[in-house]
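Chain identifiers are assigned alphabetically (A, B, ...) following the order of the sequence lines, protein sequences preceding nucleic acid strands; residue numbering begins at 1 within each chain.
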Amino acid sequence: MLSFVARRIVIAIPTVILISIFVFGLQKLLPGDPILAMAGEERDPETIAFLREKYRMNDPVWVQYATWIKGVVTGNLGISLRTNQPVTELIAQKLPVTIQLALMALVFALVIGIPAGILSAVKKGTITDYVANVVALSGLSIPNFWLGIMLILLVAVKWQALPASGYVPPGEDLWLSLKTMLMPAFVLGTALAATLMRHTRSAMLGVLKSDYVRTARAKGLAERRVILRHAFRNALTPIVTLTALLFGELIAGAVLTEQIFTIPGFGKLVVDAVFNRDYAVVQGIVLVTAMGFIVMNILADAAYFVLNPRLRKQ
Amino acid sequence: MTDLILKADGLKKHFQVGGGFMAETKTVRAVDGVSIEVRRGETFAIVGESGCGKSTLARLLMRLLEPTEGAIEFDGRDIAGIRGRDLRELRRDMQFVFQDPFSSLNPRMSVGKLVGEPIETHRPELSRTQRRQEVARLLRTVGLRPEHADRYPHEFSGGQRQRIGIARALASNPRLVIGDEPVSALDVSVQAQVVNLLHDLKSKLDMTLVIIAHDLAVIRHMSDRVAVMYLGQVVESGPTDEIFAAPRHPYTLALLSAIPEPVHGRERTRIALSGETPSPASPPSGCRFHTRCPFAREDCATRVPELRVAANETRVACHYWEEIAATRPKAGLTPAAARSEGAQRRFALYEAATLRQTDRPETASNAGATT
Amino acid sequence: MNQPLLEVENLRFRFRGQEQDVVQDVSFRLGRNETLCIVGESGCGKSVTALALMGLLPQDSVQFGAGRIRFDGETFAPGDHDRIAKMRGDRMAMIFQEPMTSLNPAFRIGDQIAEAVERHRNCGHAAARARALEMLGKVGIPAPEQRFDAYPHQLSGGMRQRVMIAMALANDPELLIADEPTTALDVTVQAQILELIAELQAETGMGTIMITHDLGVVAEIATNVAVMYAGQVVEYGSARSIFENPQHPYTIGLMASVPSLTGPRRRLSTVPGVVPAIGQMPEGCRFSSRCPFAAPVCAARPDLAEQDPGHRVACHFAPLEQTLERSA
Amino acid sequence: MMAQPATPATLKPQLMTDPVLQKRPENRVWKKFRSHRSAMLGGLLVGLFVLMAVFAPILPIPDPTATDWGAVRQAPSAAHWLGTDEIGRDVLSRLVWGAQASLLAGVISVGIAVAFGVPMGILAGYFGGWTDGIISRCTEALLAVPFLILAIALAAFLGPSLTNAMIAIGLSATPVFVRLTRGQVISVKAEDFVEGAHAIGLSTPKILSRYIFPNILPPVLVQATLTIATAIIAEASLSFLGLGQQPPAPSWGSMLNTAKNFLSQAPWMAMWPGIAIFLVVLGFNLLGDGLRDALDPREH
Amino acid sequence: ADFRFALESDPDILDPDQSRTFVGRIVYTALCDKLVDITPDLEIVPQLATEWSWNDEGTALTMTLREGVTFHDGTPFDAEAVAANIERSQTMEESRRKSEVASITGTEVLGPHQIRIDLAQPDATLLAQLADRAGMMVSPTAAAEAGADFGLAPVCSGPYKFEERVAQDKIVLSKFAEYWNAGEFHFDTVTYLPIPDSTVRLANLQSGDVDAINRLAATDVAQVRNDPSLKVEEAVSLGYQGITFNIGNGERGDNPWGNDARLRKALELAIDRNAINQVVFEGTAPAGNQAFPPNSPWYDTSLPVPERDVEAAKALLAEAGYENGIDLEVQAPNTPVNLQLMQVIQSMAAEAGINISITSKEFATMLSDQTAGDFTASQVGWSGRVDPDGNIHQFMTTDAGLNDAKYSNEEVDRLLDEARVTTDMAARKESYDAAAKILNEDKPIIYLYHETWIWALDDAIEGFVPYPDGMFRLAGVTKSE
Ligand SMILES: Nc1ncnc2c1ncn2[C@@H]1O[C@H](COP(=O)(O)OP(=O)(O)OP(=O)(O)O)[C@@H](O)[C@H]1O
Ligand SMILES: Nc1ncnc2c1ncn2[C@@H]1O[C@H](COP(=O)(O)OP(=O)(O)OP(=O)(O)O)[C@@H](O)[C@H]1O
Ligand SMILES: [Mg+2]
Ligand SMILES: [Mg+2]
Ligand code: NI
């Protein structure tokens with residue numbers, strides 16, 4: 001188990017390096033000069049020259065990269081060009097927020113997507129199936145911002161049931177924190193739920209045809225138990241793999257959702273950083289996101305092993 | 001040129017398995033030191049328990065797997081290490097018929113394409129039309145009709161699918177065909193059709209056949225010589241008639257005694273094997289059969305038996321076969337109780353009638369297949 | 001015992017969207033402690049007949065015709081899945097053809113057996129577990145305590161089939177339906193399994209329906225035999241009379257196709273052609289499209305008429321040799 | 001049996017008698033597709049929108065860029081069936097004209113993602129080892145790069161145009177297809193029939209194209225039809241970065257994006273493009289399901 | 001009580017010497033006092049300096065400082081502190097204030113609460129600069145200690161002191177009890193929340209999550225006015241919006257639009273500024289044609305906003321040799337309002353035969369393209385300064401920092417330089433009027449309109465006074481329960 005994780009981490013190192021080089025290069029190619037954006041309205045040439053020197057913009061790209069890597073190794077990701085805050089601090093501040101959002105969204109996605117997928121597979125070709133599909137696809141094609149703003153106008157403004165936007169750390173007030181995050185998580189969750197539903201459906205369709213489901217019926221088990229325990233349990237493996245794949249979509253969706261609901265998370269951080277050409281922050285975020293992917297993959301593999309006894313020790 | 005077409009010497013195939021999340025890797029000794037010789041023009045059979053390595057051996061001979069150790073000679077040429085273009089060339093002379101007619105055909109290709117493919121690969125000189133004619137000829141050869149070329153595998157019955165597989169194997173005009181349980185998945189009436197077909201093709205096309213099967217009646221019916229495998233090794237080999245008449249290795253004895261016969265009310269002495277086949281990942285020491293052998297003695301657990309000559313061409317890997325043979329009544333099979341007199345006449349009538357019918361090859365498979 | 005355990009009368013049904021019945025007027029009876037073997041070509045409807053008895057056919061895609069199933073004195077309509085479901089796994093059980101795929105790969109085998117016990121015996125988990133262990137022992141799995149926690153993939157095909165049998169027999173069913181339980185296994189394992197079923201049958205007196213295409217197996221275990229062709233029973237009788245005095249041309253063809261283990265090797269005789277698809281079946285005798293003796297009269301459907309006592313054949317020409325010689 | 005189309009009976013008499021030959025393989029896919037109710041509905045939907053996009057210029061609708069200061073953000077009425085937008089343009093006509101950009105954005109970018117992702121996934125899954133390592137690492141790298149950075153960089157290098165927006169969207173959707181394909185290939189390559197292809201001596205490219213590819217298609221099809229929705233919406237965010245459809249040319253995505261600011265004053269501005277996107281996505285999904293069934297000879 | 005105010009974006013670093021965002025200045029109104037402040041009519045009034053006087057040459061400014069003022073960290077505010085602050089603005093390497101205080105040559109502490117600021121030559125703009133970030137006083141002790149990181153925990157002397165900041169989430173200030181004018185400030189804490197989307201910002205106000213919001217969208221004004229629980233406040237801004245042309249910035253300056261003022265005039269004539277105001281801004285953004293809004297004392301009334309005249313525009317095009325029309329590429333920031341504006345202009349210009357294509361760019365790209373001269377025309381704006389110089393000098397004089405058009409006219413240079421060093425208001429106005437006339441002919445920029453700051457407040461908030469500089473001053477603001 002440990003050796004497995006260790007091996008995965010060793011594999012992950014080149015990935016992370018590759019990603020960092022890629023992003024570093026890409027940033028250098030971006031139009032727009034961070035220093036110019038920083039220099040302010042007056043654009044004093046002296047200040048510009050000084051800032052260029054200070055942030056080592058005059059060094060060759062590879063020197064900049066080496067400097068950055070050196071920092072990373074010692075746990076220093078640099079400081080934000082915009083607010084002078086250390087990037088590590090920013091990330092430490094934002095990461096839990098996005099994790100909370102992502103987890104809650106995932107809960108929504110699972111709670112909506114999986115039952116809908118099961119239902120439409122079990123009732124394939126019936127009205128239920130069609131309705132489930134139409135609902136899922138509308139979840140996919142309704143843009144996040146539209147759903148988000150509509151919810152804000154309805155739930156927060158009209159009913160005054162939930163806060164319109166913002167973020168409260170769970171440590172401060174758990175209930176309020178959950179309440180604030182409810183709408184964004186729902187919005188982010190619905191789009192994922194659609195994908196999850198479609199894939200759950202096809203996995204279930206496959207499993208329902210299998211011999212062991214017939215065996216379960218032959219045992220005289222109740223239909224509910226046959227579907228939920230015997231069939232679903234086996235459809236879970238592809239669903240878990242997919243959920244790991246959804247992580248990317250989750251992050252991308254979080255960017256939009258955080259914008260709408262003004263949640264100070266990773267997504268907002270990255271958008272602002274990109275628009276301000278706050279490279280140190282971008283680079284730091286990408287690094288963490290990449291690690292997130294790797295962790296997700298490891299978790300998915302682990303879940304895979306747990307779910308699928310065939311892969312366990314012989 | 002010798003009269004040997006295929007020769008394997010000390011062939012081994014070890015698989016590494018496990019090494020996943022929590023398991024350490026293990027070595028599965030699927031084939032562990034097998035030597036066989038196949039003569040030009042004969043039918044050579046391999047039998048053995050499920051999981052004893054028959055399919056692995058066949059794949060090694062086909063070079064679908066690369067051997068861990070050992071040499072394979074085809075037509076005097078060593079093929080154990082060839083790759084790439086040479087390997088593809090080899091495929092022209094050596095073909096394979098799969099055990100499972102359901103999973104071994106690409107469900108998304110029409111029969112015409114499936115059969116045309118080896119022609120396209122190995123006889124690129126043929127034009128499109130010539131190829132189509134050739135496909136038609138092959139389909140007719142195996143008792144299908146040229147029009148079937150436009151249909152898809154799932155529209156055929158198991159027997160018909162197996163015929164498609166055979167047509168495909170014949171397309172490159174091979175000199176050796178290896179069949180991995182080509183009839184096991186079929187029911188008796190269809191099995192008979194395929195067995196006859198293989199027999200006819202063999203004599204007509206001057207081919208050598210290597211057949212793997214676990215149905216001993218089929219083996220006896222088809223093969224000239226046979227090798228019996230147990231847990232990755234050959235335990236007995238020799239001419240088919242001799243082995244069926246006088247099995248020597250205790251495993252062969254058990255195998256033959258377990259055959260159920262379609263004759264009602266027959267009392268038999270069965271040599272029951274106890275326990276399960278040991279895992280090829282940790283085969284027993286000494287004689288690999290000793291854990292289940294009713295005649296095992298103490299030293300069987302330590303001494304590895306060699307495959308040694310027992311009579312004429314028969315070889316046996318057992319320390320004590322002579323003694324076992326002496327203490328046991330001859331395990332040969334006694335003739336079956338006769339059918340009623342009326343039934344015998346019916347059978348004769350039936351045979352005569354079907355012979356008339358099969359003279360007209362078109363009718364052999366004329367009815368529409370199940371879809 | 002006078003009253004048979006199971007009586008099937010004129011079972012017929014078709015899949016929705018098809019023009020002909022897959023199973024047409026199938027009738028047979030089975031006493032306690034008896035074994036009925038059903039043989040026939042692949043696709044002739046053996047498995048669907050078994051599934052129909054178990055109420056396991058997909059309800060929405062099958063149309064049942066008339067016909068009755070009488071089980072232990074109670075009469076059912078064949079489509080009455082709800083009533084059948086109550087007995088499924090309890091009074092009647094089934095073993096499937098595919099030991100490799102019929103067990104749920106995600107659960108421990110012991111739990112899979114215990115689950116069936118818990119469901120039907122209203123007993124606690126511990127009792128169910130004990131029963132499962134007992135059954136594992138009975139079907140000859142060594143060290144059942146250890147194997148209880150094994151997953152299906154950790155067992156060989158033969159062991160898996162034994163687990164299936166243990167599962168089927170855990171509630172002491174009165175009827176066992178075994179659909180080609182040994183086709184995927186080699187002869188030595190097959191012999192073990194058949195012996196096991198026979199032992200358990202002797203112990204509990206259950207009735208067994210065994211579906212197989214191996215005539216050797218039939219000869220060994222059958223009390224009665226039903227030969228099916230294209231959804232119809234074409235010949236039905238005691239094992240002895242079927243083997244010694246087969247009447248129907250299809251039965252004859254089937255038996256003639258088996259390679260012999262003794263005597264000279266001859267070319268195998270075959271049943272030429274293949275079964276027509278549903279929808280393309282000839283009216284009347286469905287075998288007529290392949291029968292070497294087919295005559296115009298075959299366009300009318302022959303009755304399953306009694307030829308000898310207890311031996312019924314659905315052929316206009318039975319007994320064949322006499323009819324043919326007379327007309328010649 | 002349904003009446004067959006009249007084939008001259010004299011031409012090939014035996015053809016008519018053989019049930020086998022009454023099924024022509026050419027129209028098998030089409031025929032199955034046609035009998036697939038929901039697929040036809042999907043086809044109809046997509047077809048409708050395609051027609052809309054193609055025939056926009058000749059439809060009797062106002063110029064989609066014609067502004068009318070007197071009729072800003074008007075609710076649907078007889079004059080403007082679907083209302084007007086924030087600078088008095090007819091929403092119906094913008095919807096019709098926008099179909100072109102949005103359909104192109106959806107279909108072409110998904111096409112790009114499939115065209116790159118699937119072969120990559122096939123190579124990675126089939127060859128494993130180093131090939132897999134390199135492709136998988138690159139895929140992960142691409143996944144971790146924020147879409148925005150990629151889009152801005154591409155906007156700067158390729159210049160602003162709808163085509164380049166499609167490239168950007170396609171590129172960012174590629175990794176999912178690589179992964180999906182790779183996983184699928186790994187399981188398909190273990191199938192017996194692939195070994196059969198080896199036994200015949202087929203070359204690797206042929207095995208990949210004839211054996212692997214057709215058998216991994218179904219999940220790819222599902223994913224592709226799902227991605228179309230994302231792509232149509234993504235086009236809008238790119239047009240705001242300077243890529244994509246530039247104003248005043250309409251696209252559904254940018255119509256939605258503009259409508260965002262008027263959700264309470266002019267809800268119809270968001271509603272119509274939203275419905276259009278939903279219908280197209282629904283259409284493509286139904287079409288995908290139908291196509292999957294039709295391409296599979298085993299399905300009825 | 002807590003006052004929650006929604007901003008449209010997150011401020012950058014909170015160091016008056018380093019910061020550069022508009023929203024940052026809003027936070028400073030509560031956090032950092034300045035030497036002087038302005039009135040809504042742009043009069044300079046005392047804040048930390050209670051009195052000041054110029055010498056006759058206008059080269060020395062003597063200021064008397066308020067007594068009894070301390071910084072949030074307890075450091076007393078005195079003349080030394082002012083001297084240190086001016087030095088910091090001038091010499092700290094990261095300082096963005098250098099050009100604003102460039103005219104200062106030195107300071108002389110005359111007493112604990114008196115200081116003289118020396119200039120090389122008269123600077124009419126200085127006081128106005130000291131009314132903004134350059135005049136904000138930070139604690140010299142804290143500044144010396146934190147150096148460039150001062151912004152992470154700023155220490156000033158304003159009515160509220162820094163409590164905490166969560167990037168992109170909130171900036172929290174709490175009441176500074178020792179503030180010299182503490183009685184005027186009625187909230188215990190002030191929280192600034194960046195909420196970029198205007199609809200969401202408004203929704204937060206409607207749901208009661210915030211007390212007031214900055215930058216209400218013009219299209220939402222009517223709705224808010226109809227809501228009895230909310231109210232709207234407005235002030236025309238000091239800044240302007242327009243279209244700048246590339247006159248001589250690099251290769252792309254050499255194009256018909258850069259070379260021929262007639263084309264630019266034709267475009268101006270094709271535009272109906274009032275229609276823009278109505279369609280895009282619901283009548284809230286007054287039309288303009290100069291660097292100062294029409295209500296400004298610096299506005300040259302002899303140059304009124306021209307009416308739209310498509311025929312005249314066509315005639316000018318024909319005169320310039322483009323009777324068949326001409327293309328123009330305009331870059332615009334990618335905000336919905338800017339794009340809406342440009343599409344309206346696009347459609348207006350089309351009627352005169354000018355075929356505009358719009359390229360929307362995100363801000364950073366646009367900024368660098370503009371500096372590099374990679375544009376033909378650019379839709380830009382300026383938030384405005386209290387002193388007229390701040391709206392025009394750095395854009396229109398040769399080599400000035402923000403002159404992206406690279407417009408150069410010796411006469412304009414002379415007039416604007418002169419206006420800088422003239423302290424006499426009338427003389428300055430004359431210079432600006434003269435410059436305005438030249439610019440109106442050369443048209444390196446077409447001024448379009450002047451934005452209006454619009455705030456929406458909860459009805460319970462009383463006492464807010466809108467200022468044209470767009471700041472939200474908390475003095476006297478109360479919330480009725
Ligand atoms: N690719 C592989 N990796 C690991 N183990 C393998 C592999 N292929 C086969 N084996 C193992 O090798 C042994 C021999 O397998 P093989 O398929 O050759 O048996 P067989 O004699 O053909 O059995 P059957 O009659 O069931 O077809 C088995 O234990 C099997 O599990
Ligand atoms: N769900 C179904 N829908 C439509 N047709 C079906 C269905 N299930 C089975 N059939 C058809 O019913 C017929 C009988 O099938 P069945 O499985 O009973 O055959 P079998 O006699 O058991 O054959 P085998 O020996 O191969 O198991 C076949 O033609 C089969 O294609
Ligand atoms: Mg095998
Ligand atoms: Mg069956
Ligand atoms: Ni069909």
Side-chain angles (χ1 to χ4, degrees), chain A residues 114 118-130 200 203-241 243 300-314, chain C residues 47 50-51 53-61 81-82 84-109 111-121 149-155 160 163-164 167-168 170-171 173 176-179:
Chain A
I114 288 184
I118 294 178
L119 202 67
S120 89
V122 171
K123 309 243 167 192
K124 188 189 178 201
T126 65
I127 291 290
T128 320
D129 183 20
Y130 284 115
T200 303
M204 278 299 283
L205 281 179
V207 170
L208 281 174
K209 282 188 208 139
S210 66
D211 289 344
Y212 51 79
V213 167
R214 192 181 55 188
T215 307
R217 292 208 174 100
K219 278 194 270 187
L221 299 183
E223 193 61 17
R224 269 179 74 88
R225 190 177 169 91
V226 171
I227 285 162
L228 294 184
R229 194 172 142 88
H230 285 265
F232 180 61
R233 175 64 207 271
N234 284 284
L236 213 51
T237 330
I239 295 173
V240 164
T241 325
T243 310
D301 280 359
Y304 209 78
F305 278 95
V306 172
L307 287 175
N308 191 345
R310 270 168 290 194
L311 299 176
R312 280 183 235 160
K313 205 158 136 316
Q314 305 292 312
Chain C
S47 297
L51 291 174
L53 294 179
M54 289 290 289
L56 284 175
L57 285 173
Q59 223 159 341
D60 48 358
S61 60
H81 284 192
D82 292 341
I84 300 175
K86 291 211 182 79
M87 305 188 301
R88 199 156 69 202
D90 185 14
R91 300 182 63 194
M92 46 165 75
M94 183 158 175
I95 306 170
F96 297 98
Q97 181 166 359
E98 286 293 332
M100 298 306 185
T101 53
S102 291
L103 287 170
N104 194 325
F107 298 113
R108 301 175 197 281
I109 54 158
D111 291 335
Q112 293 191 49
I113 299 171
E115 188 182 31
V117 178
E118 230 178 307
R119 162 85 178 162
H120 295 290
R121 293 209 169 165
D149 289 330
Y151 286 96
H153 73 275
Q154 295 167 319
L155 305 180
R160 273 186 241 189
V163 172
M164 282 299 296
M167 193 187 293
N171 289 318
L176 174 70
I177 302 175
D179 187 2

Novice: With distance as the sole test, does C:N171 use its side chain to make a donor-acceptor pair with the main-chain N or O of C:A116 at under 3.5 Å?
Specialist: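 Checking the backbone N and O of C:A116 against the side chain of C:N171, a donor-acceptor pair under 3.5 Å is found.
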Novice: Can you tell if the side chain of A:T215 reaches within under 4.5 Å of the side chain of C:N104, non-hydrogen atoms only?
Specialist: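 With C-beta onward as the side chain, the pair stays apart.
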Novice: Between A:R229 and chain C, which part of the residue has a heavy atom less than 4.5 Å away: side chain, backbone, both or neither?
Specialist: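 Both backbone and side chain.
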Novice: Calculate, to the nearest 0.5 Å, the distance between atoms CE and CG belonging to C:M94 and C:D179 respectively.
Specialist: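 It is 4.5 Å, given to the nearest 0.5 Å.
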Novice: Please look at C:L51 and chain A and tell me whether the side chain, the backbone, both or neither of the residue comes under 4.5 angstrom of a heavy atom of that chain.
Specialist: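 Contact with chain A is through the side chain of C:L51 alone.
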Novice: For the pair A:R217 (side chain) and A:V226 (backbone), establish whether a donor and an acceptor sit closer than 3.5 Å, ignoring hydrogens and angles.
Specialist: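 No, the answer is negative, given that no donor and acceptor are paired below the 3.5 Å cut-off.
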Novice: Name the region of C:L56, side chain, backbone, both or neither, that has any atom closer than 4.5 Å to a heavy atom of chain A.
Specialist: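 Looking at C:L56, just its side chain touches chain A.
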Novice: Kindly indicate whether the side chain of A:V207, heavy atoms from C-beta on, has any atom under 4.5 Å from the side chain of A:Y212.
Specialist: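 With C-beta onward as the side chain, the pair touches.
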Novice: Any side-chain heavy atom of C:P152 within less than 4.5 Å of one from C:V163?
Specialist: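 Result no, sub-4.5 Å side-chain heavy-atom pair not found.
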Novice: Quick check on C:M87 against chain A: is it the side chain, the backbone, both or neither that has a heavy atom closer than 4.5 Å?
Specialist: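 No part of it gets close to chain A.
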Novice: So which of C:M164, C:M92, C:M54, C:E115 has the largest heavy-atom pair count under 4.5 angstrom toward chain A?
Specialist: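 Of the candidates given, the most pairs with chain A belong to C:E115.
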Novice: Need one label for A:A216: side chain, backbone, both or neither, based on atoms under 4.5 Å from any heavy atom in chain C.
Specialist: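 No part of A:A216 comes within 4.5 Å of chain C.
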Novice: With only heavy atoms counted, which part of C:Q112 is less than 4.5 Å from chain A, the side chain, the backbone, both or neither?
Specialist: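 Its backbone and side chain both get close to chain A.
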